[in-house]
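See structure below.
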2 protein chains.
Amino acid sequence: MGRLKEFELQEALGKAMNVFWKKGYDKTSLKDLLTEMDILNGSFYNTFGNKKSLFLKTLEFYGEEITAKRANHLTTNESFKVGIRSLFEDVFKCFSDKKTPRGCLLVNSLSSELLKDQEVLNFVQTEIANFEEFFFIQLEQAVDSGELDKSINPKLTASILVTYIQGLMKLSSLEISSSKLEKQTSHFLEVIGL
Amino acid sequence: MGRLKEFELQEALGKAMNVFWKKGYDKTSLKDLLTEMDILNGSFYNTFGNKKSLFLKTLEFYGEEITAKRANHLTTNESFKVGIRSLFEDVFKCFSDKKTPRGCLLVNSLSSELLKDQEVLNFVQTEIANFEEFFFIQLEQAVDSGELDKSINPKLTASILVTYIQGLMKLSSLEISSSKLEKQTSHFLEVIGL
DNA sequence: GATTTACTTGAGTGATTGCTCAAATATATA
DNA sequence: TATATATTTGAGCAATCACTCAAGTAAATC
């Protein structure tokens, strides 16, 4: 059965994700990745194929580890209003956390050139669409149950939320004051009726 | 007084901006720039110093050429409501225009690594702050004149607008359907009372 | 213990990166 | 027309890029 792997795949993937998150895809060199993942050239290409292929795997990892956990705030809390605030609280907590890179992997690491790659573009589009769909379902439930006002349009509100969050992630990577973003978000939620 | 320049500075700057806009800072090579600007190595370094210095100049150029013209929609139209819709119309027109790169130069070209450069970060932060301040002033006027409801908070609304627009730019670079973004934006404006 | 198989190691690939520099060229002034 | 000065030209720099490959090593199976 041959020699055993000397590193844990999930652990290495997590470390790679952090590098891409912090430096962006283009500015992350193989040397950066190998150093952080603590493996050598051969092991890398043997396991992950190439840089882009690893990147796609870290996008998947991000979806499972980060986005999914954030979505949980909506499903585990008793109401949408409480849940969505809990979700944003989590986002802002990450902004202050020095260990977590600011912003969102999707926002930070994707260059225009990289998005010309159909495989990457498709993956990201799907990820965004899923996130929006998730919001939509949660919003619809909250409207149907009477928690939220009937005047709220779940479809459009879901897409507005996604757009706003993308902007928030961008601004946070511009080192805009976290408390400023927190205040405006709180106001934003009230104004759109959530 | 020596030999004359064989290219127009503003024209070359505009061409450079388009390359950065389309490919992002990192993925734009000097070869890309020289080809598009139609000048040679020496002329480049003689005139612009280096790649980063040119980039900062194109950011300035973008502020004057693109952002300023968009701001005009608010000052030349008779009301804020009409003006802001005219501004967004302009943005969406650019999304459909094949010649203009999708999204915003600031959103597309800035990598996390580049933002670690204090000069770049400061410039972008100021640009964003100015844009927000402009919205604030226009909103305040519209509220004072009675065009907009007194319940509208000009400061917070201005920052929400900036965040939303940043998100819109990001999503447009992800090739999200322009008509979808147009519909949700129209709804967004109504919901926040504009 | 021999063989097979998978992983690790590290030197090395050609291509590309941003940038330098000396020589050639063109223009305004003396 | 001669001189001073600014721009253009293109070869070439060291560094870095993603990636390859052959040799070495460790484990499972026979």
Side-chain angles (χ1 to χ4, degrees), chain A residues 1-13 15-59 109-120, chain B residues 1-13 15-59 109-120:
Chain A
M1 277 286 187
R3 188 170 171 176
L4 300 181
K5 268 198 167 54
E6 291 185 359
F7 63 94
E8 258 194 72
L9 208 136
Q10 295 297 308
E11 194 187 327
L13 218 48
K15 285 174 176 173
M17 176 187 73
N18 279 322
V19 185
F20 283 131
W21 198 346
K22 202 158 58 184
K23 310 192 80 171
Y25 180 82
D26 294 328
K27 271 291 172 184
T28 298
S29 70
L30 241 94
K31 205 181 152 217
D32 292 332
L33 289 168
L34 298 183
T35 302
E36 188 61 32
M37 298 166 88
D38 200 25
I39 59 177
L40 289 174
N41 227 315
S43 303
F44 180 91
Y45 283 96
N46 194 9
T47 309
F48 301 105
N50 55 40
K51 187 184 170 187
K52 201 195 85 180
S53 162
L54 167 68
F55 178 68
L56 284 168
K57 288 194 181 82
T58 66
L59 283 186
S109 63
L110 299 169
S111 67
S112 335
E113 279 291 294
L114 187 56
L115 286 171
K116 286 182 188 141
D117 183 297
Q118 268 301 321
E119 208 178 343
V120 174
Chain B
M1 275 291 184
R3 188 171 173 174
L4 301 178
K5 267 198 166 55
E6 293 185 1
F7 63 95
E8 258 192 74
L9 209 136
Q10 295 298 309
E11 194 188 326
L13 219 48
K15 285 174 177 173
M17 176 186 75
N18 279 322
V19 185
F20 283 131
W21 197 346
K22 201 158 59 183
K23 310 190 80 170
Y25 180 82
D26 295 328
K27 271 292 171 183
T28 297
S29 71
L30 241 93
K31 204 180 153 219
D32 292 332
L33 290 168
L34 298 182
T35 302
E36 187 61 31
M37 299 165 87
D38 199 26
I39 60 177
L40 288 175
N41 228 314
S43 303
F44 181 90
Y45 284 96
N46 194 11
T47 309
F48 301 105
N50 55 42
K51 186 184 171 187
K52 201 196 86 182
S53 163
L54 168 69
F55 179 67
L56 284 169
K57 289 194 181 80
T58 65
L59 283 187
S109 62
L110 299 168
S111 67
S112 335
E113 278 291 293
L114 188 57
L115 286 170
K116 284 180 189 145
D117 183 298
Q118 268 300 319
E119 211 177 342
V120 174

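We name chains A, B, ... by the order of the sequence lines, and we start the count at 1 in each one.
Atom pair L40(A):CG and dC21(D):P shows a separation of 18 Å (rounding to whole Å applied). Between K23(B) atom NZ and dG18(C) atom P the separation is 10 Å, expressed in whole Å. The distance between atom CG of L4(A) and atom C1' of dA28(D), rounded to the nearest whole Å, is 9 Å. In this structure, the NZ atom of K31(B) is 10 Å from the C1' atom of dA15(C), given to the nearest Å. K5(A) has its NZ atom 13 Å from the C1' atom of dT5(C), to the nearest Å. Going from atom NZ of K27(B) over to atom P of dC17(D) covers 11 Å, rounded to whole Å. dC19(D) atom P lies 10 Å from atom NZ of K52(A), rounded to whole Å. Note: CG (L34(A)) to C1' (dC19(D)) measures 11 Å, nearest angstrom.
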- Message: V120(B) vs L56(B), test: side chain to side chain contact (heavy atoms under 4.5 Å, CB included). Steps then yes/no.
- Response: CA-CA 7 Å; V120(B) 174; L56(B) 284 169; 4.1 Å; yes
- Message: Assess the residue pair F55(A) and T28(A) against the criterion (side chain to side chain contact (heavy atoms under 4.5 Å, CB included)); give the C-alpha distance rounded to whole Å, side-chain angles, the decisive distance to 0.1 Å, and a yes or no.
- Response: CA-CA 10 Å; F55(A) 178 68; T28(A) 298; over 6 Å; no
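At the heavy-atom level, N41(A) lies under 4.0 Å from base atoms of the strands shown. Across all strands, F7(A) comes closer than 4.0 Å only to sugar-phosphate atoms, never to a base (heavy-atom distances).
At a threshold of 4.5 Å between non-hydrogen side-chain atoms, the residues E36(A) and N18(A) do not count as touching.
Nearest-nucleotide assignment on DNA chain C puts the 5′-proximal partner with F44(A), out of Y25(B) and F44(A). Both E6(B) and N50(A) lie close to DNA chain D; mapped to their nearest nucleotides by heavy-atom distance, the more 5′-ward contact belongs to E6(B). Each of G42(A) and D26(A) was matched to the nucleotide of DNA chain D holding its nearest heavy atom; the match closer to the 5' end belongs to D26(A).
A donor-acceptor pair shorter than 3.5 Å cannot be found between the side chains of S43(B) and N46(B).
Put simply, S29(A) has no side-chain N or O that comes within less than 4.0 Å of OP1 or OP2 on dT16(D).
Of the candidate nucleotides dT7(D), dC7(C), dC19(C), dC7(C) has the atom lying nearest to any side-chain atom of N46(A).
For NZ of K52(A), the number of neighbouring non-hydrogen atoms (other residues, nucleotides, ligands) closer than 6.0 Å is greater than 12.
Looking at R3(A), its side chain has no donor and acceptor atom pair within 3.5 Å of the base of dT8(C).
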